[in-house]
Amino acid sequence: MSVTVLIVDDSKLARIVAGKALAALQPEWQKLEASTAAEALAIIAEKPIDICLIDFNMVEKDGLQLTEELRETRPDMPIALITANIQDEIIARARAAGAAFVAKPVTSEGLRGFLSGAALRLRSSQA
């Protein structure tokens, strides 16, 4: 199963860290990166993206706004909101938008549960 993950974060270092954690768990999955919500939307319009890892704190549009926008066209896409801003309100809003919550810094251990669930959802939707 070919899977493409889009990592959306305005920090290049954070994208690298998330990419390494992803590669440690799913080395065969393809990874794309975007530094803004607008860039992410452009990539999603052009390429088949299966999973998104989206930073919460970004300029122009935050990760929850991007998640809500993606839900309109991709209601079943596995999305994780990644942030160091661990507040109950943000976690609740992420879940209300149908996104998982992954704390920063992103680690393989932190991503494991989300990626396992995402892989199951993708397999069942292709069956």
Side-chain angles (χ1 to χ4, degrees):
M1 173 172 73
S2 175
V3 175
T4 302
V5 179
L6 179 61
I7 300 170
V8 186
D9 199 311
D10 54 0
S11 163
K12 177 72 173 163
L13 180 60
R15 291 193 308 270
I16 291 169
V17 169
K20 284 183 178 179
L22 173 66
L25 294 168
Q26 297 289 352
E28 71 283 0
W29 287 8
Q30 198 177 20
K31 167 189 61 107
L32 296 174
E33 297 181 5
S35 60
T36 65
E39 190 180 338
L41 291 169
I43 290 170
I44 289 168
E46 291 179 16
K47 297 179 174 18
I49 302 299
D50 300 298
I51 298 170
C52 279
L53 303 176
I54 303 173
D55 181 34
F56 173 68
N57 290 312
M58 294 188 294
V59 292
E60 296 174 26
K61 190 180 290 188
D62 73 33
L64 276 170
Q65 291 169 313
L66 176 58
T67 297
E68 289 163 355
E69 194 169 332
L70 288 175
R71 283 287 169 242
E72 293 173 16
T73 57
R74 304 289 302 274
D76 298 325
M77 176 190 279
I79 297 174
L81 191 71
I82 53 177
T83 183
N85 191 348
I86 305 170
Q87 296 179 28
D88 290 340
E89 177 195 348
I90 292 171
I91 295 169
R93 287 177 59 204
R95 290 193 177 130
F101 180 86
V102 176
K104 274 186 172 181
V106 176
T107 63
S108 297
E109 199 53 48
L111 270 183
R112 186 180 314 276
F114 168 71
L115 292 180
S116 294
L120 273 173
R121 280 173 63 184
L122 292 173
R123 273 197 296 277
S124 65
S125 71
Q126 292 175 349

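Being a predicted model, the structure only gives us computed values, none of them experimental.
Within 6.0 Å of the CZ atom in Arg74, the count of heavy atoms belonging to other residues, nucleotides or ligands exceeds 12.
Here OG1 of Thr36 is found 12.0 Å from CG of Asp55. Values are rounded to the nearest 0.5 Å. Taken to the nearest 0.5 Å, the CG atom of Asp76 stands 7.5 Å off from the CZ atom of Arg71. Atom CD of Glu39 and atom CD of Glu33 lie 9.0 Å apart (nearest 0.5 Å). How far NZ of Lys31 is from CZ of Arg15: 9.5 Å, rounded to the nearest 0.5 Å. Atom-to-atom distance recorded for Arg112:CZ and Gln26:CD is 10.0 Å, nearest 0.5 angstrom.
For the residue pair Ala94 and Ala100, the shortest heavy atom distance occurs at CB-O, 4.4 Å. Scanning all heavy atoms of the two residues, the minimum distance from Ile54 to Gly63 falls at CG2-CA, 3.5 Å. Across Val3 and Ile51, no two heavy atoms sit closer than the pair CG1-CD1, 3.9 Å. Across all their heavy atoms, Ser108 and Leu25 have their closest contact at O-CD1, 3.2 Å.
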Given Lys61 and Leu41, is the side chain to side chain contact (heavy atoms under 4.5 Å, CB included) satisfied, shown in steps?
CA-CA 11 Å; Lys61 190 180 290 188; Leu41 291 169; 4.1 Å; yes

Just do the side chain to side chain contact (heavy atoms under 4.5 Å, CB included) check on Val8 and Met58 with the steps written out, would you?
CA-CA 9 Å; Val8 186; Met58 294 188 294; 3.8 Å; yes

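Note on Ile7: it does not cluster hydrophobically with Val17, by side-chain heavy-atom contacts below 4.5 Å among ILVMFWY residues.
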